[in-house]
Amino acid sequence: MWRLFILGWAAMWLTGCVTSGKVPLKVHHINSLASEDGNDGSFKGLEYLADPIPGKLKNRVNIIYLHGIGWTEDRTKGQLAEDFLGGIAAAYNLDESDGLITTLCGEAPYYDTGTPTPHIYVKGDQPTFFETSLPGSKLRLDELVCMDKQTLDIDDNLEFVLYRVFWDNIFWDNIQFAHVGQDDNRGASQDIAGLRRKYNGILKDDLVNYGFSDAVMYLGPAGEEIRKAIRGAMCSAALDAAGKSFESQGKNVSYNSICSRANFANLDTNQFAFVTESLGSKITFDVMQDALSDGIETVHDDMIRGSETYMLANQIALLSLSTLSSEAGEPIARIKPANRPKIVAMSELNDFLSYELVPFYEQLWKRTIRPQQNNMDYLDANIRQKITEDIGFEMIDMRLEFADKIVPMLGGFVDPKDAHSGHAGEKELMLYLLCGAVDGQLNDKECLATEMQD
């Protein structure tokens, strides 16, 4: 059985091929941490988050999309948010001619000589240096992320603006390559990598070199630079959404300077939403909780209020093991229920790396120490309200099942890659993202995306 497991895992990471039929999406439940009952969770969805601002005719929602582990900027594979953008386009019967472009940040489309999508680079105020395992030797980090912008015009009344944030190539080139790049299947190390067995070799790259190394790096000091970069990208996106284009901001901006500019400007923007993949869920959650606990009102607080964050394969529970501390953290700012941000965790039942958030926080409540409180008390509405306020977010779990079988003879094993990263390729799940849910059911009332399916 162990050999079969390894074979299936290898097939998943190496080829992504599925030889059996497509498994239809099953939504087991939509639960809310705030509710004592099950399968009664609700969230708005992107269409209902879209709103107008003075002087603009269209309802619009601004979406920040953050990737997770893996080599996102691999030109031989589909590009970041390709399935997500394609799913939106398909839901509204749009095609590539309607503005759908999926290339790398800052690069022109491959199929013509057109210009790149609008983009900007965010860096530190000055380079950051990290001491390494070789005494006296340092690594330098300057640029941090590249962010680009794509606009999907749905009709005369609705548009989605997507801000894609890329950090993987920059951190790989400047930090990770010096540690594990000597053993990947690129460049000078191809000779030794080529001696590996086929599946073991590709697993070494896809799973460890370009995968786990991201998470390990984020959990160290470099993680702070990633969070600063994401905060800077959010400031830049807010300025752009308010009409101050990337071009006017500058080709390269530091996160402190761009955030100072955003915080001192009187910005009028449409609602923001966030879509995260894998490790990106933990990064985004950390950035948001930092913003809500720093005691300072900034553009980040404005962007977070009323937002919904759709976490595809969240890793909050797993990676929260790294944030254990001997000191109490700063309290999260209290936000009224009407403006409280919402996290919608979309977790495939068979994903090895994801854990639902509602049982995670219930488990923490029951197994942690708090003065003068019985940890094993029933989690009634009052307790759940306190947990929600302490976290700063309303938590919604969508427990899903959609991963395809790898080979028919392995009926008890499904494609782990599909389970972890196939969310945006599920047409019905995209309808939940667009139209939301009411009391545990897809909202199919007065939502254009569901109407287009008829």
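From L279, atom CG reaches atom CE of M217 across 8.0 Å, with rounding to the nearest 0.5 Å. The distance from atom CE of M346 to atom OG1 of T276, rounded to the nearest 0.5 Å, is 10.0 Å.
Proximity of a side-chain donor or acceptor of T132 to a complementary backbone N or O of L134 within less than 3.5 Å is detected. When atom types are taken as modelled, the side chain of Q150 and the backbone of L85 share no donor-acceptor pair closer than 3.5 angstrom. With N256 contributing its side chain and D125 its backbone, the two residues share no donor-acceptor pair below 3.5 Å. Looking only at distances, no side-chain donor or acceptor of D397 sits under 3.5 Å from a matching main-chain atom of V344.
With a 4.5 Å cut-off on side-chain heavy atoms, L66 and W167 count as touching. Considering only heavy atoms from C-beta on, I175 comes within 4.5 Å of L141 through its side chain.
Taking a cutoff of 4.0 Å between a charged side-chain nitrogen and a carboxylate oxygen, D183 and K204 qualify as a salt bridge. Checked for salt-bridge contact, K149 and D240 meet the test: a charged N lies under 4.0 Å from a carboxylate O. The residues K427 and D83 are annotated as not salt-bridged, no charged nitrogen and carboxylate oxygen being separated by less than 4.0 angstrom.
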Output, in order, the C-alpha distance, side-chain angles, deciding distance and verdict of side-chain contact (heavy atoms from CB on, under 4.5 Å) for V122 and E143. CA-CA 6 Å; V122 180; E143 285 184 346; over 6 Å; no
message = Test side-chain contact (heavy atoms from CB on, under 4.5 Å) on F402 and E348; report intermediate values, then the result.
response = CA-CA 7 Å; F402 57 76; E348 216 281 350; 3.4 Å; yes
- Message: side-chain contact (heavy atoms from CB on, under 4.5 Å), that's the test. Do Y163 and F246 meet it? Break it down for me.
- Response: CA-CA 11 Å; Y163 296 96; F246 291 156; 3.8 Å; yes
message = What verdict does the side-chain contact (heavy atoms from CB on, under 4.5 Å) test give for V145 and I226, after you've listed the backbone C-alpha separation in whole Å, the side-chain angles of each residue and the deciding distance to 0.1 Å?
response = CA-CA 8 Å; V145 301; I226 294 178; over 6 Å; no
task: Could you walk me through whether E394 and T388 pass side-chain hydrogen bond (donor to acceptor under 3.5 Å, both in side chains), step by step?
output: CA-CA 6 Å; E394 184 175 349; T388 300; over 6 Å; no
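Each of I335, I391, V287 was compared with L292 under the side chain to side chain contact (heavy atoms under 4.5 Å, CB included) criterion, and only I335 meets it. Paired with Y255 under the rule side chain to side chain contact (heavy atoms under 4.5 Å, CB included), one option of K123, R231, E225 passes, and it is E225.
When ring centroids are compared, F285 and F393 come within the 6.0 Å threshold. Taking the centre of each ring, F84 and Y65 come in below the 6.0 Å mark. In this structure, H423 has its ring center no closer than 6.0 Å to that of Y310.
For R384 and W365, the positive end is not near the middle of the six-membered ring at less than 6.0 Å and at most 45° from its axis.
Nearest heavy-atom pair, I30 versus V27, reported as atom, atom and distance to 0.1 Å: CG1-CG1, 3.8 Å.
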